[in-house]
Each structure stands twice: as structure tokens, then as C-alpha cells.
Amino acid sequence: MDGKNRKDIYPGLEVDVILKKDQRSGKLTRGIVASLLTSAPYHSRGIKVKLEDGQVGRVAEIVDEI
């Protein structure tokens, strides 16, 4: 599942994000969502989140759905 809908993403979810510095290469970084930074219900490039390790990126894919 992609990370374009805010309703699908919540703290504690394991996701792959694209960090700002990796936008050109498309390199994915895996992490656990700490908080959601995008307030809109949908974003075409992915919902922006902060990971538990402090990194910020847009969700490219949801890895683990509980």
C-alpha cells in the first residue's frame, strides 16, 4: 500500500520513506512512524512523517499493517 492517504498512516506503523536528500535517487529508508506532519487527508507525493529516529520523509510504502 502506498502512503498517500493520511487515514492509512499512524504512529507505530513500519513504513518506507523517501528522505529529502534521497528524492533524486528514490532511495528508501525504513522506519517506525513517530508522528504525522502532513495535515491534508491526501498528498500526491506521500504523507510527510517523522520517524522514531528523528528523520523526516514522505511515505513511499507501508511495510507492516497491523
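If you read the sequence from its start, that first residue is 1, and numbering goes on from there. All values below were derived from every heavy atom in this structure, side-chain atoms included, with hydrogens, water molecules and symmetry-related copies excluded.
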> Just to verify, what does Lys48 make a side chain to side chain contact (heavy atoms under 4.5 Å, CB included) with, not counting sequence neighbours?
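Partners of Lys48 by the side chain to side chain contact (heavy atoms under 4.5 Å, CB included) criterion, ordered by chain and then number, come out as Leu37, Thr38, Val56, Arg58.
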> For residues 16-27, which residue pairs qualify under side-chain hydrogen bond (donor to acceptor under 3.5 Å, both in side chains), counting only residues two or more places apart or in two chains?
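For residues 16-27: Asp16-Arg30.
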> Could you check whether any side-chain heavy atom of Leu51 comes within less than 4.5 Å of a side-chain heavy atom of Ile32, counting everything from C-beta outward?
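Answer no - side chains too far apart.
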> Suppose we screen for side chain to side chain contact (heavy atoms under 4.5 Å, CB included). Which residues come up paired with Asp2, at least two apart in sequence or across chains?
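Asp2 satisfies side chain to side chain contact (heavy atoms under 4.5 Å, CB included) with Lys4 once adjacent residues are dropped.
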> Would you call Asp8 and Met1 a side-chain contact if the rule is heavy atoms closer than 4.5 Å?
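Yes, close enough: below the 4.5 Å cut-off.
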> Evaluate side-chain contact (heavy atoms from CB on, under 4.5 Å) for Ile9 paired with Val59, printing each intermediate quantity in order.
CA-CA 9 Å; Ile9 301 165; Val59 177; 3.9 Å; yes
> Taking side-chain hydrogen bond (donor to acceptor under 3.5 Å, both in side chains) as the definition, give me every residue that meets it alongside Glu52, ordered by chain and number, with sequence neighbours left out.
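side-chain hydrogen bond (donor to acceptor under 3.5 Å, both in side chains) check on Glu52 returns nothing, list empty.
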> Other than Tyr42, what residues sit in its cluster of Ile, Leu, Val, Met, Phe, Trp and Tyr side chains whose heavy atoms are under 4.5 Å apart, directly or through others?
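The other cluster members (ILVMFWY side chains, heavy atoms under 4.5 Å, direct or chained): none.
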> Give a yes or no answer on whether the side chain of Asp53 reaches the backbone of Gln55 with a donor-acceptor pair at less than 3.5 Å.
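Pair found, side chain donor or acceptor close to backbone of Gln55.
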> Is there a side-chain contact between Leu28 and Val17 (heavy atoms, below 4.5 Å)?
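No. Closest side-chain heavy atoms not under 4.5 Å.
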> Under a 4.5 Å side-chain heavy-atom rule over Ile, Leu, Val, Met, Phe, Trp and Tyr, are Ile62 and Ile18 clustered together?
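In one cluster with Ile62: Ile18, no.
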